[in-house]
Amino acid sequence: MCRVCSEMFGYPEPVTRLLEQFMKLPGIGPKTATRLAFCVLTWSEQEVAAFAAALLDVKRKLHECPVCCNITDRSPCALCSDPARDDRLLCVVQDPKDVAAMEKTHEYNGRYHVLHGAISPMEGIGPNELRIRELVERIGQHEEIEEVILATNPNVEGEATAMYIARLLKPFPVQVTRIAHGLPVGGDLEYADEVTLAKALEGRRRL
């Protein structure tokens, strides 16, 4: 920790280091980081240790499911292991948090595939950086899949990714659909309410 940084925040070095770590999180500025840091200072040493252990666990114990590419602590994940899921449906989402958003609707009982992002040339993210190859291989190996639902975010990157995947899947005997735009254009799945997501799922269209 440099002396200039410590003087900038005006706090002892350990507090300043904690502030800087909190500010690495998205949407966390100096004021919120300060509030979080001073909240941590009120915890017991055991509570801080448990918090630190939880942070380490998400890096040490989580990995990608070999089937759907979602994050999991088991192999395969709980959703892929569930025999009650409908093998005929495959929902493609951008991020692991989108799986949780879809599950909250209680309207979908198929399988998932997580891309871990969307095509974005401006950010240097192309198809090879996503789990698109794994998706194509999975569809080619599982004849029971009848419909692939493209549930990428309704923004420029999400639409481009959906169209790219739709073109790749044309040779396969599957129906490719896109969730309806009951979702606001430019929004993210994780921020949509259950009713909006359910309606978007019901109104999906063929590509």
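- Nearest approach of Cys39 to Thr42, heavy atoms of both residues: O-OG1, 2.5 Å.
- The SG atom of Cys65 sits 11.0 Å away from atom CG of Asp73, with the distance rounded to the nearest 0.5 Å.
- Atom CG of Leu201 sits about 5.5 Å away from atom CD1 of Ile149, to the nearest 0.5 Å.
- Using a 3.5 Å distance cut-off with no hydrogens or angles, the side chains of Thr152 and Arg178 do pair a donor with an acceptor.
- Residues Val48 and Leu36 fall within the same hydrophobic cluster, defined by Ile, Leu, Val, Met, Phe, Trp and Tyr side chains chained together at heavy-atom separations under 4.5 Å.
- Shown here are the salt bridge (charged side-chain N to carboxylate O under 4.0 Å, His left out) partners of Glu129, two or more places apart in sequence or in another chain: there are none.
- Legend: side-chain hydrogen bond (donor to acceptor under 3.5 Å, both in side chains) pairs involving residues 141-151, not counting sequence neighbours, sorted by first then second residue: Glu147-Thr177, Glu147-Arg204.
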Determine, step by step, whether Thr34 and Tyr11 satisfy the side chain to side chain contact (heavy atoms under 4.5 Å, CB included) criterion, reporting the C-alpha distance in whole Å, the side-chain angles of both residues, the deciding distance to 0.1 Å, and the verdict. CA-CA 10 Å; Thr34 300; Tyr11 298 117; 3.6 Å; yes
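- Pairing each heavy atom of Leu189 with each of Asn153, the nearest pair is N-OD1, 3.1 Å.
- Each ring-ring contact (aromatic ring centres under 6.0 Å, His included) pair with one or both residues in residues 50-87, not counting sequence neighbours, appears once here: Trp43-Phe51.
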Hey, mind stepping through Lys24 and Glu20 against salt bridge (charged side-chain N to carboxylate O under 4.0 Å, His left out) and telling me if it holds? CA-CA 7 Å; Lys24 290 180 180 179; Glu20 290 189 332; over 6 Å; no
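- There is no path of hydrophobic side-chain contacts, each under 4.5 Å, that joins Leu89 to Val67.
- When all heavy atoms of Leu115 and Ile165 are compared, the closest pair comes out as CD1-CD1, 3.8 Å.
- Counting heavy atoms from C-beta on, the side chains of Leu19 and Pro30 never come closer than 4.5 Å.
- Qualifying salt bridge (charged side-chain N to carboxylate O under 4.0 Å, His left out) partners for Glu157, counting only residues two or more places apart in sequence or in other chains: none.
- Scored by the side-chain contact (heavy atoms from CB on, under 4.5 Å) test, Phe172 finds Val136, Ile139, Leu169, Val174 as partners (sequence neighbours excluded).
- With sequence neighbours excluded, no residue forms a salt bridge (charged side-chain N to carboxylate O under 4.0 Å, His left out) with Arg138.
- Residue pairs that meet the ring-ring contact (aromatic ring centres under 6.0 Å, His included) test with at least one member in residues 15-34, sequence neighbours left out, do not exist here.
- Ile179 CD1 to Cys91 SG: the interatomic distance, rounded to the nearest 0.5 Å, is 7.0 Å.
- Between Arg17 and Glu13, at least one side-chain N (NZ, or NE/NH1/NH2) sits under 4.0 Å from a carboxylate O, which counts as a salt bridge.
- Scanning for ring pair (Phe, Tyr, Trp, His ring centres under 6.0 Å) contacts around Tyr191 gives an empty result, with sequence neighbours left out.
- Annotation for Ala151 and Val93: closest pair CB-CG1, 4.0 Å, computed over non-hydrogen atoms.
- Listed for the Asn155 side chain is no donor-acceptor partner under 3.5 Å among the backbone atoms of Asp188.
- Qualifying side-chain contact (heavy atoms from CB on, under 4.5 Å) partners for Ser44, counting only residues two or more places apart in sequence or in other chains: Gln46, Glu47.
- Cluster annotation: Val92 and Tyr164 are assigned to the same hydrophobic cluster (Ile/Leu/Val/Met/Phe/Trp/Tyr, side-chain heavy-atom contacts under 4.5 Å, transitive).
- Ser81 places a side-chain N or O within 3.5 Å of a backbone atom of Cys77 that can act as its donor or acceptor partner.
- Both Leu55 and Leu25 belong to a common hydrophobic cluster when Ile, Leu, Val, Met, Phe, Trp and Tyr are linked at side-chain heavy-atom distances under 4.5 angstrom.
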Between Cys69 and His113, is a side chain to side chain contact (heavy atoms under 4.5 Å, CB included) present by the stated rule, with each step listed? CA-CA 6 Å; Cys69 300; His113 188 88; 4.0 Å; yes
Given Leu90 and Leu135, is the side chain to side chain contact (heavy atoms under 4.5 Å, CB included) satisfied, shown in steps? CA-CA 10 Å; Leu90 183 62; Leu135 171 64; 3.7 Å; yes
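- Across all non-hydrogen atoms, the minimal contact from Pro154 to Glu159 is CA-OE2, 4.2 Å.
- Side-chain heavy atoms closer than 4.5 Å link hydrophobic residues (I, L, V, M, F, W, Y) into clusters, and following such links, even through other members, never connects Leu62 to Val99.
- Scanning for side-chain contact (heavy atoms from CB on, under 4.5 Å) contacts around Pro66 gives Ser75, with sequence neighbours left out.
- Looking at every heavy atom in both residues, Asn70 comes nearest to Pro96 through OD1-CB, 3.2 Å.
- Among pairs with a residue in residues 84-106, those fulfilling side-chain hydrogen bond (donor to acceptor under 3.5 Å, both in side chains) read Arg85-Glu103, Asp86-Arg88, Asp87-Arg111, Glu103-Tyr112, at least two apart in sequence or across chains.
- For the salt bridge (charged side-chain N to carboxylate O under 4.0 Å, His left out) test, residues two or more places apart in sequence or in another chain that qualify with Lys61 are Asp57.
- A distance of 9.5 Å separates CE in Met102 from CD in Glu107, rounded to the nearest 0.5 Å.
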